[in-house]
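Data first, discussion second: the structure below is written as structure tokens.
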Amino acid sequence: MANAVALFARETFGDEEFAVLGNSFGGMIARHLIGEFGEQVLGVALLCPVVVADHGLRTLPNRTVIETDPALLATLEPADAAEYESMAVVQSPENWFRFRMRCSQGCGSLTRLR
């Protein structure tokens, strides 16, 4: 995956400088791009980056849900409710909208790729 993104960057930017933004697994890919392109990378922003890819080697705190919204979950299709509930630590109509618009489609794509 990282090599494919590096190829895309090489084809897109050539010798131009560029900035990198990585979220979650994208953070690991961003780190790969920094190693691959060095001084050509103007800067990097990492949002909740994966540092250790192997789940078995990670030390994480227990997941804590801060706010639940059973009424909201009851209005969703069962698959949507399960997906949202498994990820959202603050459940609200506003966050469901954000999740649906920004995350859910990507999660579905990832599931289809597996």
Side-chain angles (χ1 to χ4, degrees):
M1 177 73 75
N3 289 333
V5 175
L7 177 62
F8 170 81
R10 193 168 285 107
E11 290 173 352
T12 302
F13 302 114
D15 293 331
E16 291 181 52
E17 295 178 325
F18 60 95
V20 177
L21 171 65
N23 178 49
S24 190
F25 180 63
M28 186 171 282
I29 293 173
R31 292 172 59 213
H32 175 83
L33 292 176
I34 293 164
E36 184 87 14
F37 291 92
E39 295 296 319
Q40 193 175 347
V41 177
L42 290 169
V44 62
L46 302 175
L47 308 171
C48 301
V50 169
V51 177
V52 178
D54 184 340
H55 287 264
L57 298 176
R58 295 180 187 176
T59 303
L60 301 172
N62 291 329
R63 182 174 178 269
T64 302
V65 178
I66 297 167
E67 184 180 326
T68 61
D69 191 338
L72 169 66
L73 295 174
T75 67
L76 305 178
E77 293 291 325
D80 289 339
E83 181 182 28
Y84 180 64
E85 188 174 27
S86 75
M87 298 180 112
V89 296
V90 176
Q91 300 170 6
S92 69
E94 297 83 10
N95 283 343
W96 161 245
F97 176 77
R98 291 181 185 115
F99 178 81
R100 184 172 53 89
M101 297 305 293
R102 305 279 191 255
C103 302
S104 183
Q105 295 168 355
C107 292
S109 297
L110 179 60
T111 301
R112 286 189 292 278
L113 289 174
R114 287 183 182 164

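Val65 and Leu76 fall into different hydrophobic clusters, where Ile, Leu, Val, Met, Phe, Trp and Tyr residues are linked whenever their side-chain heavy atoms come under 4.5 Å apart, directly or through other members. Cluster annotation: Leu60 and Phe25 are assigned to distinct hydrophobic clusters (Ile/Leu/Val/Met/Phe/Trp/Tyr, side-chain heavy-atom contacts under 4.5 Å, transitive). The cluster map of Ile, Leu, Val, Met, Phe, Trp and Tyr, joined by side-chain heavy atoms under 4.5 Å apart, puts Val51 and Leu21 in different clusters. Taken together through direct or relayed side-chain contacts under 4.5 Å among Ile, Leu, Val, Met, Phe, Trp and Tyr, Ile66 and Trp96 form parts of separate hydrophobic clusters.
The two residues Pro49 and Gly27 come nearest to each other via the heavy atoms CB-CA, 3.9 Å. Contact record, Val50 with Arg31: O-NH1, 4.0 Å, taken as the closest heavy-atom pair. Nearest approach of Gln91 to Thr68, heavy atoms of both residues: OE1-CA, 3.4 Å. Minimum heavy-atom separation, Leu73 to Ala81: O-CB, 3.7 Å. Closest of all the heavy-atom pairs between Val52 and Arg58 is O-NE, 2.6 Å.
With a 4.5 Å cut-off on side-chain heavy atoms, Asn95 and Phe99 do not count as touching. In this structure, the side chains of Val89 and Thr64 stay at 4.5 Å or more apart for every pair of heavy atoms. For the pair His32 and Asn3, the minimum side-chain heavy-atom distance is below 4.5 Å. Side-chain contact between Phe18 and Val41 is present, with at least one heavy-atom pair separated by less than 4.5 Å.
A 6.0 Å sphere centred on CZ of Phe8 holds no more than 12 heavy atoms belonging to other residues, nucleotides or ligands. For Asp54, the CG atom counts as densely surrounded, since its 6.0 Å shell holds more than 12 non-hydrogen atoms of other residues, nucleotides or ligands. Atom CD of Glu77 is surrounded by 12 or fewer heavy atoms from other residues, nucleotides or ligands within 6.0 Å.
Interatomic distance, Asp80 CG to Thr75 OG1, rounded to the nearest 0.5 Å: 9.5 Å. Atom CG of Leu72 is separated from atom CD of Glu85 by 10.0 Å, given to the nearest 0.5 angstrom. Within the model, atoms CZ of Arg10 and CD of Gln40 stand 8.5 Å from one another, a figure rounded to the nearest 0.5 Å. Note that OG1 of Thr12 is 8.5 Å distant from CG of Leu7, once rounded to the nearest 0.5 Å. Rounding to the nearest 0.5 Å places OH of Tyr84 at 7.5 Å from CG of Asp69. Summarising the geometry, atom CG belonging to Asn23 is positioned 13.0 Å from atom CZ belonging to Arg102; distances are rounded to the nearest 0.5 Å.
Between Phe13 and Phe37, the distance from one ring center to the other does not fall under 6.0 angstrom.
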